[in-house]
Amino acid sequence: RKEVEQDPGPFNVPEGATVAFNCTYSNSASQSFFWYRQDCRKEPKLLMSVYSSGNEDGRFTAQLNRASQYISLLIRDSKLSDSATYLCVVNRAGGGNKLTFGTGTQLKVEL
Amino acid sequence: DAGVIQSPRHEVTEMGQEVTLRCKPISGHDYLFWYRQTMMRGLELLIYFNNNVPIDDSGMPEDRFSAKMPNASFSTLKIQPSEPRDSAVYFCASSLSQGLTQPQHFGDGTRLSIL
């Protein structure tokens with residue numbers, strides 16, 4: 001089983017739609033969680049950290065369920081510019097600052 | 001602020017040749033990471049350093065790969081001899097060590113093609 005699993009997609013949605021991505025992680029000792037965004041042929045960039053109580057940044061909402069070892073990202077009112085690959089990222093306890101990346105979920109927002 | 005700087009941006013070379021990738025982390029960051037990304041395997045951690053010391057090199061594919069960090073502002077990843085299956089995008093990233101919540105900041109990557 002992969003340490004971090006995501007649905008690869010692609011998710012094709014119309015502009016203005018709400019879309020949700022899910023991610024599961026296998027190591028219950030994981031302590032820090034992130035969503036990164038990667039545009040085609042570009043480097044990954046931090047989108048947002050994921051906190052236990054859930055957190056929101058504009059149109060983006062991240063949720064963490066430790067009991068189910070599950071992380072989600074919700075994008076409301078999607079824009080064409082949201083088209084990218086979204087990477088679920090986990091930092092394991094005892095792993096220093098070592099991050100484990102999921103293979104990503106591809107989002108395509110269309111007119 | 002200057003981000004993580006990698007060079008070269010693109011490298012095309014013939015198999016058997018030595019390849020050296022370079023990275024300058026963000027000033028003040030004490031962690032440096034080397035990743036490889038391919039379509040098949042996604043983003044894989046190769047090795048990471050803390051305060052210039054290699055901490056975990058378990059992701060280095062084989063002895064043909066080596067990495068060094070002679071000082072806080074410079075690291076290299078070397079492949080010798082290179083093979084076509086080494087073709088990938090190689091990313092360098094850096095971060096601070098204050099707790100586990102520090103994100104990593106990536107360079108633009110080096111696109112490596114081994115013919």
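As the structure is a prediction and not an experimental result, all values here were calculated from the model. Within every chain, numbering begins at 1; the chains are lettered A, B, ... in the order of the sequence lines, protein sequences first and strands thereafter.
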Hydrophobic cluster identity match, [X] and [Y], side-chain contacts under 4.5 Å:
| X | Y | value |
| --- | --- | --- |
| B/Ile79 | B/Met69 | yes |
| A/Leu46 | B/Tyr35 | yes |
| B/Leu46 | B/Val53 | no |
| B/Leu21 | B/Phe33 | no |
| A/Phe33 | A/Val4 | yes |

* For B/Gln37, is it the side chain, the backbone, both or neither that has a heavy atom under 4.5 Å from a heavy atom of chain A? -> side chain

* Structure fact -> Turns out that what part of B/Asp56 lies under 4.5 Å from chain A's heavy atoms comes down to side chain

* **Check: B/Phe106 ring centre within less than 6.0 Å of A/Phe101 ring centre** => yes

* **Top of A/Lys42, A/Glu43, A/Gln38 for chain B proximity - count of heavy-atom pairs under 4.5 angstrom** => A/Glu43

* **A/Tyr36 side chain to B/Pro103 backbone, donor-acceptor under 3.5 Å** => no

* Does CG in B/Asp63 sit with more than 12 non-hydrogen atoms of other residues, nucleotides or ligands closer than 6.0 Å? ->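 Not buried by this count: 12 neighbours or fewer within 6.0 Å.
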
* Taking atom CD of B/Glu14 as the centre, report whether more than 12 heavy atoms of other residues, nucleotides or ligands fall under 6.0 Å from it. => no

* Does a side-chain heavy-atom distance below 4.5 Å link B/Tyr48 with A/Leu99? ->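 No. Closest side-chain heavy atoms not under 4.5 Å.
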
* Any side-chain heavy-atom pair from A/Pro44 and B/Phe91 closer than 4.5 angstrom? ->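 The answer is yes; the side chains approach within 4.5 Å.
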
* Asked: What's the spacing between B/Arg41 CZ and A/Thr103 OG1 if we round to 0.5 Å?
  -> 12.0 Å

* Structure fact -> When rounded to the nearest 0.5 Å, the distance separating CG of A/Asn91 from OG of B/Ser95 is 9.0 Å

